[in-house]
Amino acid sequence: MSTQPCLGWLGILRLGLVQAMLGAVVVLTTSTLNRVMVVELALPALLPGLLVALHYAVQLSRPRMGYGSDVGGRRTPWILGGIGVLALGGFGAAVATTWMNTARGPGIALAVFSFALVGVGVSAGGTSLLVLLAKRVDAPRRASAAALVWVMMIVGFAVTAGLAGRFLDPYTPVRLMAVSGTVSLVAVVVAALALWGLEGHGRSVPPAQKARPDFAAALREVWREPDARRFTIFVFVSMLAYSTQDLILEPFAGAVFGFTPGASTQLSGVQHGGTLMGMLLAALAGRRVAGARLGSLRAWTVGGCIASGLALLGLVVAGSMAPNWPLRANVFVLGVANGAFSIAAIGSMMSLAGGATATGEAREGTRMGLWGAAQAIGFAVGGLFGAAASDVARWLIGDMGTAYAAVFALEAGMFVAAAMLAARIGGPLLSAPAAPSSEPLAAPLVGTADTQALRAGGS
């Protein structure tokens, strides 16, 4: 175990800045280029969908990336290297998008390679960043630290999207490449400055361990740990439940409640606002404020999953009571519950990542990589599953409200299953009360919540 001092709020803020830079490149690549391909280039929406799915699929490499940082003992080179690869992939994706306008085949080939680089960069940089955060933040402030870092990533999304949108108008291929290149360069420079001297020298690793790394054995060793295995399944089920509604909530509002495109977009904003509030509330997990204990990480995780399930049951009722159901309030509560469970789960992840295995080896990176891969798979499968399930339900049932309600009920069941899994995960740090502390929480940052913050949550 490391004997280095725990990070203060300034150090956590610096890691949050790195996370924001990761998010800045990702949001430009997965959102802006998606729109350009579909609208400006009139390409099938399936193409950017498959490219985004590819960048998730590549994140199955997260456990291997985490193991690599375990072997070396230092996380900073992996974070910086990951951001460098991510920046190269983001800029390459922009070049590929403009190239598709004149040479469709080569442009698509470059896009495939570039989106794969984005997945590799997120896997290397994001996994090691979470490990560094987990190792250097003391237990009482882990939920608060997770909330601060994720809110900063949301701010990074919002600022990048706003500035990029401003400088992209009027759209030209040259502008697109210039904006993408600038964002990528700024991300690398800011991340390097934020990480400068933050980790220190790290631990030393015996030469024999460096000479004979055995990733497969390390992964098997981690998987044999009951808590690591249960938490992996929990992450997959909870992220599957969360992302299943991602592509169907706005169509549900339009088809059943008659919302216009603008109104359904505003409804999405209501949900994201609730998510941000839930994240900030969950920052209190495991702490004592004014002598009162405000719940453990396990309690917030289980409670957030159950609350998410109840909010989804509200949408089940909404399917039969439209338009007399308070849909906006229901969706806001869903966002709060989603945000609370996600931050508590990230805090739990940070607590469970540490410690040696049965053979005495430190496997923080391998564990974190395994959970990050489960998250990526859950998101990739969930969006497609939700859309496909709603289509099948409409075909079988016929009535729009009942069909969507059936999918929401299935999601609620998945959240209940996730809550049951979370309740069975051990680890004294997940249930123990925080040490009394008069230290104030980190000042909350104000920003617009974005679903992509959770999509890149492992990043």
Side-chain angles (χ1 to χ4, degrees), residues 56-70 119 122-124 126-131 133-135 142-143 146 214-244 297-298 300-302 304-305 308 338 341-359 361-383 385 411 413-431 454-459:
Y56 279 123
V58 171
Q59 290 183 48
L60 290 174
S61 64
R62 278 179 178 268
R64 182 62 183 85
M65 301 291 185
Y67 174 73
S69 70
D70 285 340
V122 168
S123 298
T127 300
S128 293
L129 188 149
L130 275 176
V131 175
L133 193 66
K135 286 175 65 67
R142 280 176 180 152
D214 189 347
F215 166 65
L219 189 60
R220 287 194 299 270
E221 192 174 16
V222 169
W223 185 254
R224 283 195 293 265
E225 299 171 357
D227 280 343
R229 185 171 60 251
R230 290 193 191 107
F231 196 77
T232 302
I233 299 170
F234 160 75
V235 169
F236 172 76
V237 173
S238 61
M239 292 298 103
L240 181 68
Y242 176 87
S243 59
T244 295
L297 287 170
R298 180 189 286 118
W300 278 83
T301 304
V302 173
C305 287
S308 296
N338 286 167
F341 102 79
S342 62
I343 287 300
I346 293 166
S348 301
M349 186 184 301
M350 291 165 60
S351 295
L352 290 170
T357 62
T359 60
E361 301 288 349
R363 299 292 186 215
E364 299 97 337
T366 308
R367 293 190 189 97
M368 200 70 78
L370 180 62
W371 299 331
Q375 177 187 359
I377 297 170
F379 266 117
V381 173
F385 174 75
E411 286 183 71
M414 287 191 285
F415 267 119
V416 172
M420 293 173 65
L421 286 166
R424 295 181 58 203
I425 297 171
L429 291 175
L430 302 190
S431 56
L454 295 179
R455 286 191 178 280
S459 66

query: Ignoring hydrogens and geometry, is there a side-chain-to-backbone donor-acceptor pair from Asn338 to Tyr242 under 3.5 Å?
result: no
Name each donor-acceptor pair under 3.5 Å that joins a side chain in residues 231-239 to protein atoms two or more places apart or in another chain, with its distance.
{"unit_1": "Thr232", "atom_1": "OG1", "unit_2": "Ala228", "atom_2": "O", "d": "2.7"}
{"unit_1": "Thr232", "atom_1": "OG1", "unit_2": "Trp371", "atom_2": "NE1", "d": "3.1"}
{"unit_1": "Ser238", "atom_1": "OG", "unit_2": "Phe234", "atom_2": "O", "d": "2.9"}
{"unit_1": "Ser238", "atom_1": "OG", "unit_2": "Val235", "atom_2": "O", "d": "3.2"}

query: Which atoms form the tightest heavy-atom contact between Ala345 and Thr301, and what is the distance?
result: N-OG1, 3.6 Å
message: Restricting to side-chain contact (heavy atoms from CB on, under 4.5 Å), what partner residues turn up for Val416, sequence neighbours left out?
response: Met420
query: If you look at every heavy atom in Thr244 and Met414, which pair is closest and at what distance?
result: OG1-CE, 3.7 Å
Straight-line distance of Glu411 CD to Ser243 OG, nearest 0.5 Å: 8.5 Å
query: CD1/Ile377 to CG/Leu60 distance, rounded to the nearest 0.5 angstrom?
result: 4.5 Å
- prompt: Got a sec, which residues hit side-chain contact (heavy atoms from CB on, under 4.5 Å) with Ala217, two or more places apart in sequence or on another chain?
  reply: Asp214, Arg220
- request: Flag the pair Arg62 / Gln375 as yes when at least one side-chain heavy-atom distance between them is below 4.5 Å, and no otherwise.
  value: no
- prompt: Once you round to the nearest 0.5 Å, how far does CG of Leu219 lie from CZ of Arg367?
  reply: 11.5 Å
field: Which atom of Phe341 lies closest to which atom of Ser308, heavy atoms considered
entry: CD2-OG, 4.1 Å
Minimal non-hydrogen separation, Arg230 against Ile425, with atom names: CB-CG1, 4.0 Å
Contact summary for Val302 and Ala422, nearest pair of heavy atoms: CG2-CB, 3.8 Å
task: Please name the pair of heavy atoms, one in Arg298 and one in Ala423, separated by the smallest distance, quoted to 0.1 Å.
output: NE-O, 3.9 Å
